[in-house]
Amino acid sequence: MEQITLSNGVRILLESIPFFKTASFGIWVLNGSRHERPEEGGASHFLEHMMFKGTASRSALDIAIQSDLFGGQLNAYTSKEYTCYYAHTLSDHAPTAFEMLCDMLTGPRMDKEDVELERGVILDEIAMYEDSAEDVAADLLYDGVWAGHSLGRPILGTADTVSSFTAQDLRRYLDGHYTPDRILVSVCGSFDRETMLDICNRYLGTLVPRKGRHVEDIPAFTTSIRLKEKDFEQSAILLGFPGLPLEDENRIALSIFSNIAGGNASSRLFQRLREELGLVYSVSSYCICHKGAGLMAVGLTVTPDLEEKALEETMKVLKGLRQSVTQEELTRAKEQLKAGLVMGMEGISSRAGSAARSCLLENRIYTEDMLIQRVDAVTLDELMQKAQQSLCFDRMAVAAAGRLKSQAFYQSLRT
């Protein structure tokens, strides 16, 4: 993969696969909800929406019509740590689509009327999330584990913060966070290299380097209980444990352990709770890795009358796992993880995204061979050591949404 840095600091990744007939490309900005002050909650996501409302040379309708003419897809999303604007088109349309994407990013119109219109859309989006037990529980877990820190706040913001933004606020936020040194372009597939570079230079290369506001302090894991009583058909329960940050090489071992715990159909939790006892509709285990902070979570959705039994069995399985993972389970989890990693790299959109994220967040790019080697290197002893360090039941965080038990009940899970 070719790596180029423009004079103003914008980074470009190019991977040519000439036998393809499509190209996938995107612009990643190292800015997400983690970089917001409390009063700015949701500004990154709001800004993402505003990029599609038009520029000096294109209206929102122009963008929509041209996107359909390309015959591909044009979209964006905001995460805790970055925002991505991406497209996937036939190779013939790649230059026009990429130029439109660059125009949207560098010259958004940001009209007052558009801000008011999009505010309503985002408030509806927030309301939709509040109707999902799983989404509510996830936000509660983040809020509890990283209380008082921007990582703990929801990506969408709140109704209060979203209602307060003006066009001037969003323009100020754009100027302070979309600085050239935090912008990265990734292109993969069949494309004309010189044409794509020319577009990058004309739009992104003219951005003036400037000092932005990019504080990323490291939050400590907080033991907590966060509950929200709501009349959902099923309750969503999340148990949170200290994880490993993105930069910790041992996070692969913890991810493998998480898969053994509840990450697939053969996992201990799925087999016990779903297949043997029929206590839950779904159960899962996963690791979340941010720069400087990490979390391992176990989640289940359950009807209220089965919740107590389901959580009792969950704790039994987790406590048993601290000492009893077998070599057979490790081998099976490794093979599944490797297959997922490699298959995920076989699409050009996935390749462009994987390279962009790792370069943006870790300043390195992983090849398939590097990923496989990292997985193969994990030993059973290393896995068990990381699992025992993470599964500290006296530090366990609990988040739940639905028709719930008392706080004392969830507190008792730690014993």
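Scope of the values below: all heavy atoms of this structure, side chains included, with no hydrogens, waters or symmetry mates.
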field: Charged N-O contact under 4.0 Å between R351 and E368
entry: yes
query: Can you check whether F241 and F393 have ring centres sitting under 6.0 Å from each other?
result: yes
message: Please give me the minimum heavy-atom distance between Q271 and A265, naming the atom from each residue.
response: NE2-O, 2.7 Å
- prompt: Do E382 and K386 sit within salt-bridge range, that is, some charged N less than 4.0 Å from a carboxylate O?
  reply: no
query: Can we say D175 and R172 salt-bridge, meaning some charged N sits less than 4.0 Å from an Asp/Glu carboxylate O?
result: no
task: Indicate whether any N or O donor in one side chain lies under 3.5 Å from an N or O acceptor in the other, for T158 and D160.
output: no
message: So that I can tick it off, tell me whether R364 and E249 are bridged by a salt bridge, with the cut-off set at under 4.0 angstrom between side-chain N and carboxylate O.
response: yes
- prompt: Under 3.5 Å, is there a donor-acceptor pair linking the side chains of T179 and D181?
  reply: yes
- request: May I ask you to test the S16-R193 pair for a side-chain heavy-atom distance under 4.5 Å?
  value: no
message: Distance alone, cut at 3.5 Å: any donor-acceptor contact between the side chains of H35 and S44?
response: no
query: Can you find a pair of side-chain heavy atoms, one from L141 and one from L295, that are under 4.5 Å apart?
result: yes
task: Compare all side-chain heavy atoms of K291 with those of R34 and state whether any distance is below 4.5 angstrom.
output: yes
- request: Determine whether the side chains of E48 and T83 contain a donor N or O and an acceptor N or O closer than 3.5 Å.
  value: no
